[in-house]
Student: 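One structure is given below, represented as structure tokens, and several questions about it will come after.
Throughout, residue positions are numbered sequentially from 1 according to the sequence presented.
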Amino acid sequence: MQPRKPPKSPNRKQFDAAVNSLLNQREKSGLFAFIEFRLKQFNLEHKFDIFDIFIESYIRGVSKIESGQHIENPSAWLRTTCLNVIREHFAKKGKHWKKEREFSSIEYQISANDTSDYLSDQYVKEILSDIRQLVSPLDFDIFVLRVMEELSWIEIEERLNLASNAALRKRYQRMRKVLRDYFFDIDNSMLEDYGLS
């Protein structure tokens, strides 16, 4: 026999009633049109559904109520929280693209054709040593062939006797994400060590 759930607080009942009302009157409610407009405004309409935002906001509301806080006007609170959720997702997207640009810059700087003195040979060796420890031997070989030797995907495929060009590219993208997250999620301390911050 399952234990009975504790009864909902009056604030939780009020909140759930407001949510049910919004769901039952989707066409009349301005909230869903508001979410749709804001997703388009922040260029996130292809990444998130209206209900993704709504449900995330609902969960935050339930958590807030469960922690003992009161939501005076659930409809207004949901509207504000939906906007905040969208803003947070937009900020995360911005950080992702910033990391992508910065990592691309590192790749360029350690490539064979970069003749600048921005990175010394010693720094390049240290970065490559860190990369070697983070990824598999095959991924490291792919990185060296693509970035240091600047080979095409077909040339890398032939050199490493790999079967699929698409799989090779996908593997490289996953490896880049691991490296990008490593280099840029450690408060840039490693980049400062390498003179890249």
Side-chain angles (χ1 to χ4, degrees), residues 35-57 59 82-197:
I35 296 171
E36 183 178 22
F37 171 76
R38 293 299 184 181
L39 284 171
K40 287 179 181 174
Q41 180 185 18
F42 285 91
N43 202 22
L44 294 170
E45 71 272 20
H46 300 295
K47 193 162 175 66
F48 297 99
D49 184 70
I50 292 169
F51 286 99
D52 294 334
I53 304 301
F54 182 78
I55 290 168
E56 189 171 340
S57 300
I59 291 169
C82 285
L83 178 58
N84 289 338
V85 167
I86 292 168
R87 285 178 174 159
E88 288 167 20
H89 285 302
F90 180 75
K92 286 178 191 172
K93 179 182 172 188
K95 286 178 186 173
H96 167 80
W97 288 114
K98 184 174 186 281
K99 282 197 240 179
E100 182 67 34
R101 284 193 310 272
E102 289 170 344
F103 189 74
S104 294
S105 173
I106 288 179
E107 283 184 319
Y108 173 75
Q109 291 166 16
I110 64 176
S111 69
N113 287 342
D114 184 12
T115 56
S116 71
D117 294 328
Y118 192 69
L119 290 178
S120 71
D121 288 343
Q122 181 60 34
Y123 286 151
V124 170
K125 287 177 186 170
E126 288 176 24
I127 290 173
L128 289 174
S129 173
D130 290 334
I131 291 171
R132 185 187 295 271
Q133 293 172 15
L134 288 168
V135 301
S136 70
L138 177 60
D139 285 345
F140 182 76
D141 289 342
I142 292 168
F143 181 85
V144 169
L145 293 173
R146 183 70 180 166
V147 176
M148 301 295 289
E149 297 186 25
E150 298 181 329
L151 297 183
S152 70
W153 293 116
I154 293 171
E155 290 170 325
I156 295 171
E157 192 180 329
E158 290 170 358
R159 178 87 66 94
L160 298 176
N161 294 321
L162 299 173
S164 168
N165 192 290
L168 173 64
R169 288 174 189 244
K170 191 72 176 164
R171 186 179 189 113
Y172 181 73
Q173 290 304 318
R174 282 194 303 267
M175 177 196 45
R176 284 187 87 237
K177 183 183 183 319
V178 168
L179 296 176
R180 186 183 66 229
D181 290 346
Y182 175 75
F183 278 103
F184 293 100
D185 282 348
I186 52 175
D187 299 326
N188 285 336
S189 57
M190 179 174 286
L191 296 178
E192 288 169 9
D193 294 343
Y194 292 142
L196 291 171
S197 62

Student: Can you measure from CG (Leu145) to CG (Leu168) and round to the nearest 0.5 angstrom?
Tutor: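 Output value for this atom pair is 9.5 Å.
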
Student: Heavy atoms, side chains only, cut-off 4.5 Å: are Trp153 and Arg146 in contact?
Tutor: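 Trp153 reaches Arg146 side chain to side chain.
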
Student: Specify the closest pair of heavy atoms between Ile35 and Cys82, including all atoms of both residues, with the distance to one decimal.
Tutor: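 Distance-wise, the nearest heavy atoms are CD1-SG, 3.6 Å.
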
Student: So, for Phe42 and Leu83, which heavy atoms are closest and what is the spacing to 0.1 Å?
Tutor: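 Shortest heavy-atom separation between Phe42 and Leu83 comes out as CE1-CD1, 4.2 Å.
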
Student: Measure the CZ-CZ distance between Arg169 and Arg174 for me, rounded to the nearest 0.5 Å.
Tutor: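 Taking CZ in Arg169 and CZ in Arg174, the distance rounds to 14.5 Å.
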
Student: Do Leu151 and Arg159 make a side-chain contact, defined as non-hydrogen atoms from C-beta onward lying under 4.5 Å apart?
Tutor: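 With C-beta onward as the side chain, the pair touches.
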
Student: Kindly give the heavy-atom pair with the smallest separation between Phe48 and Leu39, and that separation in Å.
Tutor: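 Taking every non-hydrogen atom into account, O-CD1, 3.7 Å.
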
Student: Of all the heavy-atom pairs spanning Arg38 and Ile86, show the shortest one and how long it is.
Tutor: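 In terms of heavy atoms, the two residues are closest at CB-CD1, 3.6 Å.
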
Student: Got a second to check how far His89's NE2 is from Leu44's CG, nearest 0.5 Å?
Tutor: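 These two atoms lie 8.0 Å from each other.
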
Student: For the pair Phe51 and Phe54, name the ring-plane relationship: parallel under 30°, tilted 30 to 60°, perpendicular over 60°.
Tutor: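 Geometry flag for Phe54 against Phe51: perpendicular rings.
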
Student: Distance-only, no hydrogens or angles: does the Glu155 side chain make a donor-acceptor pair with backbone N or O of Ser152 under 3.5 Å?
Tutor: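 Side chain of Glu155 to backbone of Ser152, a donor-acceptor pair under 3.5 Å: yes, one is there.
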
Student: Please check: side-chain N/O of Asp141 versus main-chain N/O of Leu138, any donor-acceptor pairing under 3.5 Å?
Tutor: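 Side chain of Asp141 to backbone of Leu138, a donor-acceptor pair under 3.5 Å: no, none is there.
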
Student: Measuring from Glu36:CD to Gln41:CD, what's the distance to the nearest 0.5 Å?
Tutor: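 Here the rounded value is 13.0 Å.
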
Student: List the steps and the verdict of side-chain contact (heavy atoms from CB on, under 4.5 Å) for Ile142 and Arg171.
Tutor: CA-CA 9 Å; Ile142 292 168; Arg171 186 179 189 113; 3.7 Å; yes

